[in-house]
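For reference, the structure is listed below as structure tokens.
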Amino acid sequence: MRLTHVVRAGVAVAAAATAALAFPAVASAHVTVNPSTATQGGYTKVTFRVPNERDDASTVKLEIAIPTDTAIASVSLKPVQGWTAVAEKSKLTTPIKSHDGEITEAVSKVTWTAEAASAIKPGTFQEFDVSLGPLPEADQIVFKALQTYSNGEVVRWIDEPSAGAEAEHPAPVLKLTKKADATAAAAGATATAGPAAEASDDGGDGAAVGLGVAGLVLGLAGLVVGLLAYRRAGSTTT
């Protein structure tokens, strides 16, 4: 009976932990950009991840706004099967300088529209890849997003981040770091990994030595047992 009670208690605790982990996942189910960081002046591929939050409707359209105050000269879209993508351009108040001269217009919005069979069904998600660059010299890019459902509902993921407050409908945000900062961070990570790797190697050598000693001890023990058995056999014969 006691063992049964212990098992039941363990199952209850596991179920409670699973439920606790599930709630944050549901609460954070919004349109996101991944990865969430990149380097200023570089090129990167980002993925807009769109989950369906409705039980009775499918997501049929996604609109992503690219702010012109942090304009990006090159925006390339990866085809998504069953979806049509359209990139719209706008005139720039401040042209972008490039190797080919000044760029006076840039992509300001991308719209993906689904065919009926490819809509994002309840309980599923879809990803949309975009190549961007060169990234502007700014702290971040806020990609405001509109998610349209098959029942006509439009969810506006446009709330910009603010200190000390959690937005109800947060916009996807790509944080940008300076190239020098990114290089220093990478160097620091390499330096940190070096001693750890050496420690790991030392640990492996120590384990090997330990196994060797254990084997030697077992061998000696076997030899002693054999000698004792031999002596007993000799005594019996005499």
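When reading the values below, keep in mind they use all heavy atoms of this one structure, side chains included, and skip hydrogens, waters and symmetry mates.
Take Asp55 and apply the side-chain contact (heavy atoms from CB on, under 4.5 Å) test, not counting sequence neighbours, and it matches no residue. With sequence neighbours left out, Glu105 forms a salt bridge (charged side-chain N to carboxylate O under 4.0 Å, His left out) with no residue at all. Judged as a side-chain contact (heavy atoms from CB on, under 4.5 Å), and not counting sequence neighbours, the contacts of Ser90 are Thr68, Ser108. By the side-chain contact (heavy atoms from CB on, under 4.5 Å) test, Pro170 is found to be paired with His30, Trp157, Ala167, residues two or more places apart in sequence or in another chain being considered.
Connection of Val173 to Val50 is not established within any shared hydrophobic cluster, with ILVMFWY side chains joined at heavy-atom distances below 4.5 Å, either directly or through further cluster members. The hydrophobic clustering, which links ILVMFWY residues whose side-chain heavy atoms are closer than 4.5 Å, places Leu77 and Leu146 apart. Hydrophobic clustering of Ile, Leu, Val, Met, Phe, Trp and Tyr side chains at less than 4.5 Å, counting indirect connections, keeps Ile66 apart from Ile96.
A distance of 14.0 Å separates NZ in Lys144 from NE2 in His169, rounded to the nearest 0.5 Å. Note that the OG1 atom of Thr111 and the NZ atom of Lys61 stand 6.5 Å from one another [nearest 0.5 Å]. One finds the OG1 atom of Thr37 at 10.5 Å from the CG atom of Asn34 (value rounded to the nearest 0.5 Å). Note that CG of Asp56 is 6.0 Å distant from CG of Asn151, once rounded to the nearest 0.5 Å. In this structure, CD1 in Ile72 is found 11.5 Å from CD1 in Ile103, a value given to the nearest 0.5 Å.
Heavy-atom minimum distance, Pro35 versus Leu174: O-CD1, 3.5 Å. When all heavy atoms are compared, the tightest approach of Pro95 to Thr93 is CD-O, 3.7 Å. Contact record, Ser74 with Tyr43: CB-CE2, 4.2 Å, taken as the closest heavy-atom pair. The nearest pair of heavy atoms linking Gln147 to Val31 is OE1-CG2, 4.0 Å. When all heavy atoms of Ile158 and Ala145 are compared, the pair lying nearest together is CG2-O, 4.0 Å.
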Using distance only, find each side-chain donor-acceptor pair of residues 114-141 under 3.5 Å and give its atom names and separation, not counting sequence neighbours.
{"residue": "Lys121", "atom": "NZ", "partner": "Ala117", "partner atom": "O", "Å": "3.4"}
{"residue": "Lys121", "atom": "NZ", "partner": "Ala119", "partner atom": "O", "Å": "3.2"}
{"residue": "Thr124", "atom": "OG1", "partner": "Lys121", "partner atom": "N", "Å": "3.1"}
{"residue": "Thr124", "atom": "OG1", "partner": "Lys121", "partner atom": "O", "Å": "2.6"}
{"residue": "Glu127", "atom": "OE2", "partner": "Arg49", "partner atom": "NE", "Å": "2.8"}
{"residue": "Glu127", "atom": "OE2", "partner": "Arg49", "partner atom": "NH2", "Å": "3.0"}
{"residue": "Asp129", "atom": "OD1", "partner": "Thr47", "partner atom": "OG1", "Å": "2.6"}
{"residue": "Gln140", "atom": "OE1", "partner": "Lys175", "partner atom": "NZ", "Å": "2.9"}

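Note on ring orientation: taking the six-membered ring where Trp is involved, the planes of Phe143 and Phe48 are perpendicular (angle over 60°, cut-offs 30° and 60°).
Residues Lys179 and Gln40 fail the side-chain proximity criterion, which asks for heavy atoms closer than 4.5 Å.
With hydrogens and angles ignored, the 3.5 Å screen pairs no side-chain donor or acceptor of Glu153 with any backbone N or O of Arg54. Here the side chain of Tyr149 pairs no donor or acceptor atom with the backbone of Asn52 at under 3.5 angstrom.
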**OP:** Apply side chain to side chain contact (heavy atoms under 4.5 Å, CB included) to the pair Trp112 and Ile64, showing each step before the final yes or no.
**Re:** CA-CA 9 Å; Trp112 288 270; Ile64 298 291; 3.7 Å; yes
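Applying the side-chain hydrogen bond (donor to acceptor under 3.5 Å, both in side chains) rule to pairs touching residues 77-89 yields nothing, sequence neighbours excluded.
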